[in-house]
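Let me begin by presenting the structure, written as structure tokens, before commenting on it.
Note that this is a predicted model, so its numbers are computed, not measured.
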Amino acid sequence: MTFAIPSAGSRKPRRARTTTYVWLFLTPTVLLYGAFTVYPIVGSYVYSLTDWNGFDASPSFIGVTNYREVLADPMFWSSFRLTLTFMLVAVPLQVLTTLLVAIVLNSPRMPLRKVFRTALFLPVVTTTAIVGVVMQFVFDPASGPVNLALREAGLVTDGVDFLGQSSTALGTTIAVYVWKWFGITLVYWLAALQTVPDEVYEAARLDGAGALATLRHITTPLLKPFLVIITLLSIEASLQVFDLVLTMTGGGPFYSTEVIEVYIYRWAFAATVPRLGYACAAAVLFGLFVCVIGLLQLLAVRATRKARGAA
């Protein structure tokens, strides 16, 4: 029995057909990505240099006037400060609490750990806008379950308007955000904990190390590379809270929860006379800030890989 070895000439048409099929299957994705991602981004840069209310046939070119006005607007810097505050409070709270819960749920001695994992992950698959609407009823000062529980416990006599007071609205929104995305960060930590060999924990137990000593000297050092990546992923996610803030507070009361995304939305769609060029300029500046965060993420990941390689 003889076997025919395909020649180089016969392999070229097969490779060409494979390449054709690859591009054929990629074409819908490329077209949709270009139409709904690339084109809006490029359009934002173009419209940011114009004065356009969305109704005129053609926008008028005004150069960098919108950028100057945005940078001179104290409300823009207030929204920027609120965005940073949201990030600086939500990210450490989310990362640290999920780490502690993941350590508990990763223990094989923990009963019903799969049930708890599922329960904590359920809010992640719930639509954020629906969560925001439901939370308006949950924190209702008159009949919301939170205020009813506080009154039953004797902690308050009158209902607390968590979403209607400037002093509590941002904190309440952050708490709901952490609860909403708690499950996804928990999955990250559970995956990271799977990389720690069981033999290391067994050796620590044989040496008489307790739970705190094991956490401090074994678990924490081994999870440092994952801490960098999970923290940076959480930072980027905390900058995308438009739907939750809009449905819970709408940016109020008195702009106390107006993060940059809501600020952009207000000028583009909620204003009496929309200023799409101005909103695009604010969006471009916010996009540049997000790019800086992404660059820091790239540098941090490279530094972590180099540190692991040196170790």
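Put simply, the residue from L105, I184, T98, V187 that forms a side chain to side chain contact (heavy atoms under 4.5 Å, CB included) with L120 is L105.
Between V262 and G250, the shortest heavy-atom contact is CG1-O, 4.0 Å.
Scanning for ring pair (Phe, Tyr, Trp, His ring centres under 6.0 Å) contacts around F86 gives Y177, with sequence neighbours left out. Looking at residues two or more places apart in sequence or on another chain, you find a salt bridge (Lys or Arg N to Asp or Glu O under 4.0 Å) between E69 and R275. Residues passing the salt bridge (Lys or Arg N to Asp or Glu O under 4.0 Å) test with R266, sequence neighbours excluded: E258. Every side chain to side chain contact (heavy atoms under 4.5 Å, CB included) that A129 has, sequence neighbours left out, goes to T127, T247.
Counted by atom type alone, T173 and T257 present zero donor-acceptor pairs between their side chains at under 3.5 Å.
Aromatic ring orientation, Y265 versus F269: tilted (interplanar angle from 30° to 60°). The aromatic rings of F80 and F289 lie perpendicular to each other, with more than 60° between the two planes, well past the 30° mark.
Within the 4.5 Å cutoff, side-chain heavy atoms of L232 are placed close to those of V228. Between M87 and L84 the shortest side-chain heavy-atom distance falls below 4.5 Å.
Going from atom SG of C291 over to atom CG of L298 covers 12.0 Å, rounded to the nearest 0.5 Å.
Pairs engaging residues 120-158 under the ring pair (Phe, Tyr, Trp, His ring centres under 6.0 Å) rule: F139-F162 [sequence neighbours left out].
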Per-pair distances, 0.1 Å, donor-acceptor, side chain in residues 19-31, under 3.5 Å, sequence neighbours excluded:
| from | atom 1 | to | atom 2 | distance (Å) |
| --- | --- | --- | --- | --- |
| T19 | OG1 | R15 | O | 2.9 |
| T20 | OG1 | A16 | O | 2.8 |
| T27 | OG1 | W23 | O | 2.5 |

